[in-house]
Amino acid sequence: MIEAKGLRRSYQDGEGHLLTVLDGVDLSVAAGEFVAIMGRSGSGKSTLLHILGGLDADYAGEVTVAGSRLTGLPDAALSKFRNQQVAFVFQSFHLVPGLSAADNVALPAFFGGAASDDEVRAKAQAALERVGLAAKLDRLPAQLSGGERQRVAIARALFTQPKVLFCDEPTGNLDAATGSEVIALFGQLNSEGLTVLAVTHEERVSVAARRVLQLQQGKLS
Ligand SMILES: Nc1ncnc2c1ncn2[C@@H]1O[C@H](COP(=O)(O)OP(=O)(O)OP(=O)(O)O)[C@@H](O)[C@H]1O
Ligand SMILES: [Mg+2]
């Protein structure tokens, strides 16, 4: 499902020096896996996730995800890939404050789909049911707890039926109890067949994964 070979990514620092963050990363993730990539702050976890998810094209190496070879894809094709093949969950939930839970979940329909309003509403409702929020379709983000907001973000991610769910510190803003609910939800979605790749420095996320890798000094092991 994910094949990455020889990934290298450097940034210019303020003084014009090159900082090499990824220094030859190889990764192979099969369909249906739940993989966690751990590493300390600044080790390059978000950098790697952005490359694998088609959010960053400025790297050396080769990436294929869900049958699409991302390397060298034009911007339009890359954004189509992001819209149709994968989905993201971030530490800060990125919900639109003025939209209800259901409308936040249906947001991808405004970008990609041609579905009717009823169809969109039904799909958003189904996604919210899947994350246990059937009773809170019409709540605004401010009327939801942190854990519930993250579950809305996960429902939005599921809305497009992605092949891979990419998560960047998905429990970083959650306390122990709400964090474990969200982690259990990833486990459940994975057992239903979704491929999950999470980057995190949190042990509690990695214990839920079926395979744990370490990112250190630009290498994955
Ligand atoms: N756009 C950028 N320009 C310059 N340097 C960057 C840029 N993005 C990231 N970096 C640097 O690259 C390194 C890796 O950053 P990255 O965000 O991938 O780390 P991370 O492992 O996700 O860290 P954290 O756990 O804190 O989220 C850091 O030293 C960071 O300062
Ligand atoms: Mg990060």
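In this text the structure is predicted, and so the values were computed from the model without any measurement. Whatever order the structure lists ligands and atoms in, that order sets their numbers, starting from 1.
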Exercise. Counting from 1, what ligand 1 atoms have a heavy atom of R40 closer than 4.0 Å?
Worked result: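 Matching atoms, with element in brackets: 21 (O).
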Exercise. With atoms numbered from 1 as shown, which atoms in ligand 1 lie under 4.0 angstrom from a non-hydrogen atom of L19?
Worked result: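 Counting atoms of ligand 1 from 1, those under 4.0 Å from L19 are 11 (C), 12 (O), 29 (O).
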Among all the protein's non-hydrogen atoms, which is closest to [atom], and how far away is it?
{"atom": "atom 27 (O) of ligand 1", "result": "S46 OG, 4.0 Å"}
{"atom": "atom 26 (O) of ligand 1", "result": "S41 OG, 2.6 Å"}
{"atom": "atom 8 (N) of ligand 1", "result": "Y11 CZ, 3.3 Å"}
{"atom": "atom 14 (C) of ligand 1", "result": "G42 O, 3.4 Å"}

Exercise. Going by heavy atoms, is H50 under 4.0 Å from ligand 1?
Worked result: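 Contact check H50 vs ligand 1: negative.
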Exercise. If you measure from each heavy atom of S43 to ligand 1, is any distance below 4.0 Å?
Worked result: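 Flag set, S43 near ligand 1.
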For this session: State whether the shortest distance between N or O atoms of K45 and N or O atoms of ligand 1 falls below 3.5 angstrom.
Result: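 K45 vs ligand 1: N/O contact under 3.5 Å present.
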Exercise. Under a 4.0 Å heavy-atom limit, does V21 contact ligand 1 with its side chain, its backbone, both, or neither?
Worked result: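 The part of V21 near ligand 1 is the side chain, not the backbone.
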For this session: Have a look at ligand 1 and work out which part of D13, if any, has a heavy atom under 4.0 Å from it: side chain, backbone, both or neither.
Result: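 Looking at D13 and ligand 1, no heavy atom falls under 4.0 Å.
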Exercise. Using a distance-only test with no angle check, is there a side-chain donor-acceptor pair under 3.5 angstrom linking E202 and T171?
Worked result: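 E202 vs T171: donor-acceptor pair found between side chains.
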Exercise. Are S28 and E3 close enough that a side-chain donor and a side-chain acceptor fall under 3.5 Å?
Worked result: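 The criterion, which ignores hydrogens and geometry beyond distance, is satisfied for E3 and S28.
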For this session: Decide, counting backbone as well as side-chain atoms, whether S41 has an N, O or S atom less than 2.8 Å from the Mg ion (ligand 2).
Result: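 Here the distance criterion (N, O or S atom, under 2.8 Å) is not met by S41, so no.
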Problem set entry | Beyond-backbone contact of F34 with L189, side-chain heavy atoms, under 4.5 angstrom |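 The answer is no, as the side chains (C-beta and beyond) never meet within the 4.5 Å cut-off.
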For this session: State, with a plain yes or no, whether a side-chain heavy atom of Q84 is found less than 4.5 Å away from one of T160.
Result: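 The answer is no, as the side chains (C-beta and beyond) never meet within the 4.5 Å cut-off.
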Problem set entry | From D58, D56, T47, I51 - option closest to atom 18 (O) of ligand 1 by heavy atom |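 Among D58, D56, T47, I51, the closest heavy atom to atom 18 (O) of ligand 1 belongs to T47.
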For this session: Determine, counting only non-hydrogen atoms of the protein, whether one lies under 4.0 angstrom from atom 2 (C) of ligand 1.
Result: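 Looking at atom 2 (C) of ligand 1, one finds that a protein heavy atom does lie closer than 4.0 Å.
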For this session: Establish whether atom 23 (O) of ligand 1 and some protein heavy atom are separated by less than 4.0 angstrom.
Result: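 Flag for atom 23 (O) of ligand 1 set to true, protein heavy atom closer than 4.0 Å.
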Problem set entry | Straight-line distance of K163 NZ to T195 OG1, nearest 0.5 Å |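 These two atoms lie 10.0 Å from each other.
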Exercise. Any donor and acceptor pair, going by atom type alone, linking the side chain of R151 with main-chain N or O of V182 inside 3.5 Å?
Worked result: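 No, the answer is negative, given that no donor and acceptor are paired below the 3.5 Å cut-off.
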For this session: Would you check, one step at a time, whether the test side chain to side chain donor-acceptor pair (under 3.5 Å) holds for R210 with N190?
Result: CA-CA 10 Å; R210 308 228 198 129; N190 172 248; 2.9 Å; yes
Exercise. In terms of ring plane angle, is the pair F90 and H94 parallel, tilted or perpendicular, where the classes change at 30° and 60°?
Worked result: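 Taking H94 first and then F90, their aromatic rings stand perpendicular (interplane angle over 60°).
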Problem set entry | Salt-bridge criterion met for D138 and R121 (N-O under 4.0 Å) |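 R121 and D138: salt-bridged.
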For this session: For the pair R130 and E192, find out whether any cationic side-chain nitrogen is under 4.0 Å from an anionic carboxylate oxygen.
Result: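 A salt bridge links R130 with E192.
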